[in-house]
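Note sheet for the following structure.
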Amino acid sequence: MAVISAFKGLRFTKKAGEINTLVCPPYDIISPLQRKSYEASNPNNIISLELPDGGENRYKNAGKKLSEMINEGILKQDEHDSLYIYEEEFTAYGIRKKVKGLITLVRLEEFSKNIVLPHEETLSKAKADRFNLMCETFCNFSQVYSLYMDGDKNTRSKIESASQYDPDIEFSDDDNVIHRLWCITDTNVINAIIDDFKDRQLFIADGHHRYETALNFRNKLRSEGKINDTELGGNYIMMDLVDIENDGLVVFPTHRLIRDVQNFSEENLIKECKLFFDIETKTNLNEIQSELMINNQDKCFAMYTGNNYYYKLKLKDSNAITLMNTDKSDAYNGLDVTILHSLVLERTLHIDKENMAKQINLTYTRSIEEAIAGVKEGTYQAAFILNPTKVSEIKDVAAAGEKMPQKSTYFYPKLITGLVMNKMV
């Protein structure tokens, strides 16, 4: 099944500056203003490689700068093959949590082999961007976030035992997330952990675009005769692997905002929704999240249309969604986001899958406050507030060989970019 490998990670040296000034969040959640801020914090910040500037020449600029940083000793590969234990300590829903994973290389496998399983659809534009960057840098600057099942906790106990001493790196970021990294070079420990994964599947939690890009890049290298199928190089991708039953795993919901829908009518929308949902009118906008969380065993979500109230919609009969999506599994049809998309966005508002993919009438946000403000200001016609997708649901959909709609999950916190990199050649 999954093949993992230790590797000589590419990391910042002391010459580069303080580590907290060198790292950044994943490229796809960074605004232009934030990008400038990270670049200003330290000229060596990883942002110049992960999200390069320079218009049409930005990818070549990244490749050139990476070479310069290595030649100048700002970045250096570790001397020994290593596994890297990575822990994030953070606050979510008012509770302090920790999640500890393993940064390693994972052999790239087509999804059809059922070894590495996706759970979410991807966008071609993002894949083209990452592909162009990889062609110029031959480097993974960030990890794909993946989950595995460890029923007897053998791997978790090995990871905990190997990280009992003080971390090699520890710092806090602007969101009060503490990041810790341990470099493991003991070959006995490494081999024991590698052996644990021989019968395991991996479930991608975050980083689908990067994984699919890496597959395309590997195929390109093979077709050009630059690698064979046994070399480490482009046949592997860097991942952070986390036990799917880790108590620290947190998934935030991504809410839907609709705009520019022709002939939109709150009255007609509610009338149509009553065919499938029990609908309650609620008056305390500050309690939307808590109201949904209380009912998180039900198939329900909230709808806000700009007034001093919102609607809570609870599915009456699960057969309604099954009849709409006869070609989908129970796992897929049981998702709140599937129910919203199929019965409301597609059936009632006529926002089809292509429209969603191009975001013609649909926008996403993780913030309930931002969603409500956008509707109040008139930028959007309505907001649909969702409960978070459960980790077990993600696993079940992936195991069924299906993919959730785009933006179905938001694992928090995001993995930091720049702690460890994988230079393929």
Side-chain angles (χ1 to χ4, degrees), residues 2-12 19 22-30 46-47 49-51 66 75 77-78 81-88 90 99-109 116-120 122 126-127 130 133-134 137-148 155 159 163 167-169 171 173 177 179-184 193-194 197 200 202-215 217-218 232-244 246 248-249 409-424:
V3 178
I4 72 170
S5 175
F7 67 110
K8 296 179 176 67
L10 182 69
R11 297 195 289 140
F12 283 107
I19 189 64
L22 297 166
V23 296
C24 71
Y27 74 99
D28 54 352
I29 64 170
I30 297 175
I46 193 68
I47 194 72
L49 302 177
E50 176 74 337
L51 193 62
L66 176 60
L75 289 170
Q77 277 190 298
D78 287 335
D81 285 336
S82 307
L83 295 178
Y84 302 87
I85 297 173
Y86 174 43
E87 180 179 72
E88 292 176 290
F90 58 98
V99 61
K100 187 179 287 186
L102 181 75
I103 297 177
T104 179
L105 295 190
V106 175
R107 183 174 175 84
L108 289 158
E109 304 284 2
V116 179
L117 301 176
H119 80 266
E120 200 168 79
T122 54
K127 285 183 282 189
R130 294 298 94 182
L133 182 63
M134 197 173 287
T137 62
F138 288 78
C139 194
N140 304 141
F141 299 115
S142 57
Q143 300 89 37
V144 171
Y145 193 171
S146 293
L147 308 176
Y148 63 90
T155 306
I159 289 174
S163 56
D168 295 278
I169 295 174
F171 67 95
D173 65 21
V177 178
H179 303 269
R180 301 183 180 97
L181 188 78
W182 292 263
C183 305
I184 309 303
I193 291 176
I194 289 174
F197 284 85
R200 286 180 180 159
L202 302 178
F203 303 86
I204 297 178
D206 195 7
H208 292 79
H209 293 98
R210 281 167 285 165
Y211 189 86
E212 291 184 29
T213 295
L215 279 172
F217 184 64
R218 179 206 66 181
L232 201 60
N235 289 303
Y236 286 72
I237 189 170
M238 185 172 60
M239 284 190 179
D240 182 41
L241 306 179
V242 175
D243 180 1
I244 202 167
N246 191 300
L249 282 174
T409 57
Y410 188 102
F411 279 83
Y412 181 84
K414 294 287 189 178
L415 306 180
I416 204 78
T417 297
L419 273 185
V420 184
M421 291 151 269
N422 170 40
K423 191 74 172 73
M424 289 175 273

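Note that this is a predicted model, so its numbers are computed, not measured. All residue numbers in this chain count up from 1 along the given sequence.
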Non-hydrogen side-chain atoms of His208 and Lys127 separated by less than 4.5 Å: no

Inter-residue atom distance Leu22.CG - Leu419.CG, 0.5 Å rounding: 10.0 Å

Trp182 side chain near Tyr84 side chain, heavy-atom distance below 4.5 Å: no

Donor-acceptor contact below 3.5 Å, side chain Arg11 vs main chain Gln77: no

Whether Tyr86 and His179 hold their rings parallel, tilted or perpendicular, with breakpoints at 30° and 60°: parallel

Ser142 and Arg210: CA distance, side-chain angles, deciding distance, side chain to side chain donor-acceptor pair (under 3.5 Å) verdict: CA-CA 9 Å; Ser142 57; Arg210 281 167 285 165; 2.8 Å; yes

Within 45° cone and under 6.0 Å: Arg180 NZ/CZ vs Phe171 ring: no

Working for side-chain contact (heavy atoms from CB on, under 4.5 Å), residues Glu50 and Arg130: CA-CA 9 Å; Glu50 176 74 337; Arg130 294 298 94 182; 3.4 Å; yes

Step-by-step side-chain contact (heavy atoms from CB on, under 4.5 Å) determination, Ile184 to Ser82: CA-CA 5 Å; Ile184 309 303; Ser82 307; 5.8 Å; no

Closest approach of Met134 to Ala214 (non-hydrogen atoms, all atoms of both residues): SD-CA, 4.1 Å

Closest non-hydrogen atom pair between Ile204 and Ser146, with its separation: CA-OG, 3.8 Å

Separation between CZ of Phe203 and CG of Leu117, rounded to the nearest 0.5 Å: 5.5 Å

Minimum side-chain heavy-atom gap Phe141-Tyr27 below 4.5 Å: no

Euclidean distance, Met424 CE relative to Phe7 CZ, rounded to 0.5 Å: 11.5 Å

Donor-acceptor pair, side chain of Asn246 and main chain of Val99, under 3.5 angstrom: no

4.5 Å side-chain heavy-atom contact, Phe12 and Ile46: yes

Of Thr104, Leu232, Leu10, Asn140, the residue whose pairing with Asn422 passes side-chain contact (heavy atoms from CB on, under 4.5 Å): Asn140

Ile29: partners by side-chain contact (heavy atoms from CB on, under 4.5 Å), with sequence neighbours left out: Pro25, Pro26, Tyr410, Lys414

Flag side-chain contact, heavy atom, 4.5 Å: Tyr211 against Val116: yes

Separation of Leu181 CG from Ile416 CD1 (nearest 0.5 Å): 12.0 Å

Shortest non-hydrogen contact from Pro413 toward Tyr145: O-CE1, 4.5 Å

Aromatic centroids of Phe90 and Tyr412 separated by under 6.0 Å: yes

Any Ile194 side-chain heavy atom under 4.5 Å of Val3 side chain: no

All N/O donor-acceptor pairs, side-chain side in residues 235-242, below 3.5 Å, sequence neighbours left out:
unit_1	atom_1	unit_2	atom_2	d
Asn235	OD1	Arg222	NE	3.1
Asn235	OD1	Arg222	NH2	2.7
Asn235	ND2	Asn228	O	2.8
Asn235	ND2	Glu231	O	2.7
Asp240	OD1	Leu102	N	3.2

From Leu105 atom CG to Asp81 atom CG, the distance as rounded to the nearest 0.5 Å: 9.0 Å

Worked check of side-chain contact (heavy atoms from CB on, under 4.5 Å) between Val106 and Leu202: CA-CA 10 Å; Val106 175; Leu202 302 178; 3.7 Å; yes

Phe411 side chain reached by Leu147 side chain, heavy atoms, under 4.5 Å: yes

Heavy-atom closest pair, residues Thr137 and Lys423: O-NZ, 3.2 Å

Within-4.5 Å side-chain heavy-atom neighbours: Thr417 and Val23: no

Distance in Å, Cys183 SG paired with Ile85 CD1, rounded so as to fall on 0.5 Å steps: 9.5 Å

Residue pair Thr409 / Ala205: nearest heavy atoms and the distance that separates them: OG1-O, 4.1 Å

Side-chain ion pair, Asp78 and Lys8, N-O less than 4.0 Å: no

